[in-house]
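First the structure, in the form of structure tokens, and then the observations on it.
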Amino acid sequence: MFTKAVAQAMQEARETAPVEAPSVLRDLSGRRALLQQVIRFSIAVAIAASIAMLLVMAIPSSQRPGNQDNASLSAAWQSVKSSVLPVPQPQPARRTATLAVQDGTGFANDPVPLGIHVGAPPPDAFVSINGLTAGARLTSGKRVGPSEWRVPATEISGVSVIPPDGFTGQMLVTAELRDGNGVALTGTSTRLTWTPVPTAAPPLVAAPAPVAAAPVAAPPPPVAVAAAVPVPAAPRQAEVVRSLDPKEIAALIKRGQDLLAAGDVQSARLLLMRGAEARDARAALLVGTTYDPARLRQMGADGPLADVAQARTWYQRAKEWGEPDAQRQLDALALSR
């Protein structure tokens with residue numbers, strides 16, 4: 001291969017030999033042409049030597065054929081290029097943001113989880129919520145229109161819908177995931193249902209025992225006295241027990257405390273009631289504070305919201321479920337009367 005490159009360089013030098021010049025300039029032209037041929041020959045030799053050295057270093061001796069044609073030279077050059085130049089690394093696939101929803105159901109006046117989860121959201125992404133009934137609100141996010149809310153994508157999984165007072169029926173809620181510039185990425189919808197709160201069945205009263213008829217011929221006829229039948233006491237209303245994840249309970253308590261700090265006692269009571277119905281002692285204690293007259297006066301929300309009996313009931317449940325602060329609240333409630 002080296003010999004072939006040198007021969008090609010010499011052939012090019014012969015083909016570019018100077019044209020016959022006049023006798024006056026022949027000597028000067030001959031010297032210049034000779035110098036040009038020497039320079040070209042040296043360059044050709046250097047290039048051929050460099051290529052040969054690279055090929056010898058890149059190709060093992062066991063893989064070198066005796067005669068290399070153009071195809072083998074091309075393959076050798078590709079081998080040299082791959083050993084010198086870095087191989088481009090494939091770029092990792094970009095994750096696509098996803099939006100998953102789950103229908104929810106609850107009783108009247110109870111918050112129902114929105115049931116929306118976002119996967120791989122871009123920075124500053126948010127979810128646009130539409131379709132809420134007038135008077136309904138979310139436990140997190142910002143209202144931007146008559147029926148539109150915007151919630152950060154990182155907070156949407158813990159958001160619940162608080163219905164209007166006494167609302168029963170369905171809401172078809174639409175959700176649209178948007179990036180930080182407001183460009184819509186994907187959208188879907190979910191159906192939320194509120195049903196009436198079941199009422200306790202009236203107690204059954206035993207029928208009076210039948211009275212035996214007196215014989216007609218036996219004077220005087222016996223006076224029939226109806227036996228008094230005891231009426232059983234009305235059964236205690238069954239306690240609602242919910243099954244909630246500890247993370248969901250913690251989120252409800254955190255949001256309820258924020259609402260209490262903001263003075264929204266009714267909304268806080270609805271959220272905390274869900275955690276208390278899951279037999280969480282801390283949530284039950286906070287529900288009691290939403291009925292405690294002394295605590296309500298501290299929050300500036302005294303009045304029709306206060307109910308000493310309800311406060312005592314929830315403080316007692318918190319004590320039974322292991323809340324250490326419940327007994328102190330019960331003592332304070334007794335002293336405040």
Under a 4.5 Å cut-off applied to non-hydrogen side-chain atoms, are [X] and [Y] in contact?
X	Y	value
Ile116	Val159	no
Thr139	Leu271	yes
Gln329	Gln316	no
Trp149	Leu132	yes
Leu185	Thr96	no
Arg150	Ile129	no
Asp103	Thr193	no
Leu244	Arg274	yes

Open item on the list: I'd like to know whether Arg191 forms a side-chain contact (heavy atoms from CB on, under 4.5 Å) with Met171, so could you lay out the CA-CA distance, the side-chain angles of the two residues, the decisive distance to 0.1 Å, and finally the verdict.
Closed with: CA-CA 6 Å; Arg191 190 180 303 274; Met171 295 185 195; over 6 Å; no
In the single-linkage hydrophobic clustering (I, L, V, M, F, W, Y; side-chain heavy atoms under 4.5 Å), do [X] and [Y] co-cluster?
X	Y	result
Leu272	Val161	no
Leu114	Leu259	no
Leu270	Ile253	no
Val112	Leu252	no
Ile162	Ile249	no

Which distance, rounded to the nearest 0.5 Å, do you find between the [atom1] of [X] and the [atom2] of [Y]?
X	Y	atom1	atom2	answer
Thr195	Asp110	OG1	CG	9.0 Å
Phe107	Thr168	CZ	OG1	12.5 Å
Arg137	Ser267	CZ	OG	3.0 Å
Ser243	Arg279	OG	CZ	12.5 Å
Met299	Asp264	CE	CG	11.0 Å
Gln102	His117	CD	NE2	6.0 Å

TODO: I would like to know whether Leu285 and Tyr315 meet side-chain contact (heavy atoms from CB on, under 4.5 Å); could you show each step before the answer?
DONE: CA-CA 5 Å; Leu285 181 72; Tyr315 284 157; 3.7 Å; yes
If you take all heavy atoms of [X] and [Y], which pair is closest and at what distance?
X	Y	answer
Pro111	Ser160	CB-CB, 4.1 Å
Phe167	Ala108	O-CB, 3.6 Å
Ala281	Ala318	O-CB, 3.6 Å
Ala153	Pro121	CB-CB, 3.9 Å
Glu176	Ala184	OE2-CB, 3.5 Å
Ala97	Leu177	CB-CD2, 3.7 Å

Look only at the side chain of [X] and the backbone of [Y], and say whether a donor-acceptor pair between them is shorter than 3.5 Å.
X	Y	result
Asn181	Val183	no
Asp292	Ala311	no
Thr290	Val287	yes

Task: Pro293 and its side chain to side chain contact (heavy atoms under 4.5 Å, CB included) partner, picked from Asp307, Leu305, Leu333 - done: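 Only match with Pro293 under side chain to side chain contact (heavy atoms under 4.5 Å, CB included): Leu333.
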Task: Check ion pair Asp325-Arg328 (N to O, under 4.0 angstrom) - done: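 Counted as a salt bridge, because a side-chain N and a carboxylate O are separated by less than 4.0 Å.
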[X], [atom1] atom: more than 12 neighbouring heavy atoms under 6.0 Å:
X	atom1	value
Glu320	CD	yes
Gln266	CD	no
Asp245	CG	yes

Open item on the list: Under a 3.5 Å cutoff, is there a donor and acceptor pairing between the side chains of Glu155 and Ser140?
Closed with: yes
- [ ] Verify whether one side chain among Arg295 and Thr289 offers a donor that lies under 3.5 Å from an acceptor in the other.
- [x]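 Absent: no donor and acceptor within the cut-off.
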TODO: Test Leu330 against Lys319 for side-chain contact (heavy atoms from CB on, under 4.5 Å), laying out the working first.
DONE: CA-CA 9 Å; Leu330 285 169; Lys319 178 183 177 181; 4.2 Å; yes
TODO: Determine, stepwise, if the pair Glu148 / Ser128 fulfils side-chain hydrogen bond (donor to acceptor under 3.5 Å, both in side chains).
DONE: CA-CA 7 Å; Glu148 181 182 359; Ser128 176; 2.9 Å; yes
Task: NZ or CZ of Arg312 within 45° of Tyr291 ring axis and under 6.0 Å - done: no
Open item on the list: Working note: Leu192 + Val173, criterion side-chain contact (heavy atoms from CB on, under 4.5 Å); need CA distance, chi angles, decisive distance, verdict.
Closed with: CA-CA 7 Å; Leu192 306 179; Val173 181; 4.1 Å; yes
